[in-house]
Each structure stands twice: as C-alpha cells, then as structure tokens.
Amino acid sequence: MTTMITSAANFVSGLANPTRFLNAVARVLPWMAGITGVLFAVGLVMSFQAPEDYQQGMTVRIMFIHVPSAYIAMFCYAVMAVSAIGTLVWRHPLADVSAKAAAPIGAAFTFLALLTGSLWGKPMWGTWWVWDARLTSVFVLFLMYLGLIAFYRAMDDPARAARVAAVLILVGSINIPIIKFSVDWWNTLHQPASVIRLDGSTIHPTMLYPLLVMVLAFTMLFFTLHLMAMRNEIWRRRVASLRRQAARSVQAS
Amino acid sequence: MPALFLRDLRLAVRAGGGALIGVLFFLAVVAVIPFGVGPDLNLLSRIGPAVLWIGALLAALLGLDRLFQLDREDGSLDIMLMQETPMFLTVLVKCLAHWTAAGLPLIIASPVLGLFMNVSGPAMLAVAATLLVGTPAITFIGAVGAAVSVALPRGGVLVSVLVLPLAIPVLIFGVSAVNGAIQDPAPFLPPFLILCALTLFFSVLGPLAAAAALKASSD
C-alpha cells in the first residue's frame, strides 16, 4: 500500500517536468479520445432506445444531456479546487495550468446545463427560467467561472496569477455544496436528487443505464478536453517565453 | 490593533478618504429607481426594502476596491505583511474600520431613504436591523476581492464581478428577513439568524482568504 502511494506521488511530482507531461499526454490522448467516442456512440444509441416517459414523453431525453453536463459543471469546479490546493500547498507547476485550463471548460458545461435545463423547463414547468435555489446557485457558478476567466485574462504574470486565483477558487468552492444540497434545504421547483441516494436510485433501470453511460462519456470528454487544454496552455507559455527571449536577444544585439 | 483601527478610520473620514461617497452613491441609486419604475407609491413601498438592500450592497462594494490599494501605493501594506501580527488580524481590523467608516453611514441613511420609497415604519426598522448584521459580511467578502485587485494591473470592475456572486446569499436572506417582518405568514427570525451566521462565517473566511491573496501577490 505504501509503495503504491509513494509510486503515485513520484508519478505526480515527475509530471512537474512539462516535457514529461507532454509526452504522457501525447501517448494517452488518442486512447482517451477513442474511448470518449465509443462511449458517446453507445450512450446516444441507448438514450434513444430508452422508453419515453409516461408523462413527459420525448422530452425526457433532454435528461441524458442535462444531468451529465450539470454534473461535469460541478465536477470541473472540484477539479479546479483540488488544483488550487495543489498550487497553494505543494506549488505543483501543473496545478496552476490545470486550474486555468479547466475554467473555460467548466463555463461551457455550466452553460450547457443551464441551456438544456431551460429547454426542458419550458414544456415541463411552463417557463424558461425560475429563480429557485438550484437554478440560482448554478447560475452563480456560471458567473464565478466567467469571473475567473476574466481574472486570468487580466493578469499578465502567470506565476502571480496562479496563487491569487487559487485563493479565489477556494473561496468560491463553498458554492458547490450549496448547489448539491439546495434541492434538500429549500423547497424548489427543481426535483431532488434521484440518481445518487442512500436508499438507492429512484430511476427505472431502463433510463438509469443510458444515463450512467452518458455520465461516463461526459467524464471522459471532460478529461480529454482538459488534457488538451493543459497541453495548449503549456505550449502557449513556451511560445510566450520564446518570444520574450527573442525580443531580449534583438535588444542585446 | 486599536491604533490601526483609528488610523484607517481617520484616513477614511478626513479629506480625500471618500467614506461618504458611498452614502451619496446609495442616495443616487435609490433616487433613480422611481424614475425607472414610475412614481407609484404602492409599488415603491412593495419593492422598497429590496431596492434599499441592493443600493446598500452596491454602495458597500463601490468603496471596497480601495481597501488595500492606498496602503499598497504608499508602501504601508508591505510593512503590515512583515510585522509580527498575523496578516489575518490586520485584515480583520482593516475591514472593521472600513465598515465603521463606510457601512455604518449607509445604515444610518437607510431610514431616510426608506421615506423616499414609502417604506412603512416597521419595515424601515427591519431594513436597518438586517443591514446592520448583513453589511459586515459584504465587507468581509469584498476584502477578498480587494486583496485580489491589489495584484491586478487594472482592477476596478473585475472586483465587483468576482465578489457579487458570493454576496448573493447575503442579499437573499437580508431581503427575505425584511419581508418576514412586514408580511404575516413569512417568519422573520430564521432568515435573520442565517444572515448573522453568514456574517460570522465570512468574518473568518474573508480575512483568511484576503490575507493569503495579499501574501501571494506581494512577492
């Protein structure tokens, strides 16, 4: 057990070397993209073979996009929070890259969750939007993603931006449990949790299994996009430092 | 610590401090509302408490980006970071001084502005009471934003964008407590106590995070 932990720790600290990380990404990425494609193919076919809901009819299929993207929206923030801890505690150079790369992806999935929820809400609740606790807290999450992206863009020095942004991310992470438990704490129009519950899932298996496959597919998609974004961010920083060197050598000569 | 408190208070109140700018802004925001929604007194008295809260929230955020900026410019922030007193306590005291200089005048002004909005007597009392326990939370949340903005080459609006989402719960429970005081079925005490809890929670989290951000951006 301890050897496993040490080897895992060695692996993570070994990735601090960007070249080693880029090599690992280059090896893993095609496989992850392939698995994502297969999972989406299976998941989408299963979603369309799932029976129609006796009340909601066809619109219940929005669930197979809405639930996974809402879950990724929160999962992405959790990844950012862990990265923020990595920046502040271990000063791992990749942690900052990870947090910065995750923010736009998280914003995109949050937007997708809000959009599909709105499209689902119109036929079911009769309104595009209500200010209930779940919707409002997810909207706040979206605003925080946008604020963090704006913050990263406003800072010109990535090293200083990293630690200040990490503090911001950790302060904002109090919103995540609020989103999760908002449906239990307040009486909301949004339904309470039905997939992950102590007394077992309340969704019928014919709908639960496509949903789980879609959740897996979305998770893999997130990790694939995240690794790609991290790779791009490292390349971007290299280009920036090469440009700075070139400018300096021109000045010197 | 009392010395720091008095120093910040004096700096805020005397010439160039601009603590009363917040009250003026508050006045301007509230005065603009009737032009927007029309001078219907019944409507105004219904939305009055919420307008007062939003105005106070914006006015409290307005002055906050300067919380550490002046100290940064004259170098006293570096001395505060180097001294033996934990930065956490320094930030806490600075927040309290800022609240006394900028937050307290808002609360004193709120009943007068309530008159403009045709808010009834008990509702005005409720607004003042909720602002009294709620605005410190806004100051503590804003301190994080102010600490972050010190690192920014151009802060300003971005601070409000970062801080406003976190201040939403304060606004929600503040307004719902006021509504609880006016309308009969809605309870007053539970949202009021949650508001107190939020203030206490952020009085710990805000200075801690602000101190961490200040340290991170200084070197």
Side-chain angles (χ1 to χ4, degrees), chain A residues 77 81 84-85 87-89 91 95-96 99 103 106-107 110 131-179 181-182 185-188, chain B residues 50 61 65 68 72 87-88 91 137 140-173 175-176 186 190-191 194 197-198 201-219:
Chain A
Y77 204 92
I85 295 172
T87 306
L88 289 177
V89 177
R91 311 229 164 157
D96 159 48
T110 314
W131 288 101
D132 87 356
R134 176 54 77 79
L135 276 68
T136 310
S137 52
V138 173
F139 188 64
V140 168
L141 179 70
F142 184 57
L143 287 181
M144 288 197 314
Y145 275 129
L146 293 188
L148 282 168
I149 295 170
F151 177 76
Y152 273 119
R153 299 202 133 209
M155 291 287 275
D156 36 19
D157 177 16
R160 254 170 72 193
R163 271 145 68 210
V164 180
V167 173
L168 265 181
I169 292 170
L170 285 182
V171 170
S173 63
I174 46 173
N175 192 27
I176 295 300
I178 293 181
I179 295 179
F181 296 111
S182 57
W185 292 344
W186 291 284
N187 257 330
T188 59
Chain B
L61 284 179
D65 60 321
F68 301 112
R72 170 76 163 194
M87 196 55 200
F88 162 72
V91 174
F140 291 128
I141 299 168
V144 184
V148 165
S149 82
V150 166
L152 283 172
R154 25 185 194 280
V157 187
L158 186 58
V159 178
S160 308
V161 173
L162 289 171
V163 161
L164 216 46
L166 290 170
I168 288 175
V170 181
L171 183 67
I172 290 175
F173 288 110
V175 174
S176 65
I194 290 178
L198 278 174
F201 177 72
F202 281 116
S203 72
V204 176
L205 185 75
L208 267 180
L214 282 175
K215 271 184 203 141
S217 62
S218 68
D219 47 10

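First the proteins, then the strands, lettered A, B, ... as listed; each starts at 1.
- Minimum interatomic distance between A/V167 and B/A213 (heavy atoms only, all atoms of both residues): CG2-N, 4.0 Å.
- Here B/L208 contributes atom CG and A/L170 contributes atom CG; the two are 11.5 Å apart, rounded to the nearest 0.5 Å.
- Of the inter-residue distances, the one linking A/I174 atom CD1 with B/L205 atom CG reads 6.0 Å to the nearest 0.5 angstrom.
- Taking each heavy atom of A/V171 and B/A209 in turn, the nearest pair found is CG2-CB, 3.3 Å.
- Environment of OH in A/Y152: crowded, with over 12 heavy atoms of neighbouring residues, nucleotides or ligands closer than 6.0 Å.
- When A/L168, A/L143, A/L141 are compared by the number of non-hydrogen pairs under 4.5 Å with chain B, A/L168 comes out ahead.
- Contacts of B/V144 with chain A are made by side-chain atoms alone, with heavy-atom separations under 4.5 Å and no backbone atom involved.
- The two residues B/K215 and A/R163 come nearest to each other via the heavy atoms O-NH2, 4.5 Å.
- Taking both residues in full, the closest heavy atoms of A/V140 and B/P165 are given as CG1-CB, 3.7 Å, listed atom of the first, atom of the second, then distance.
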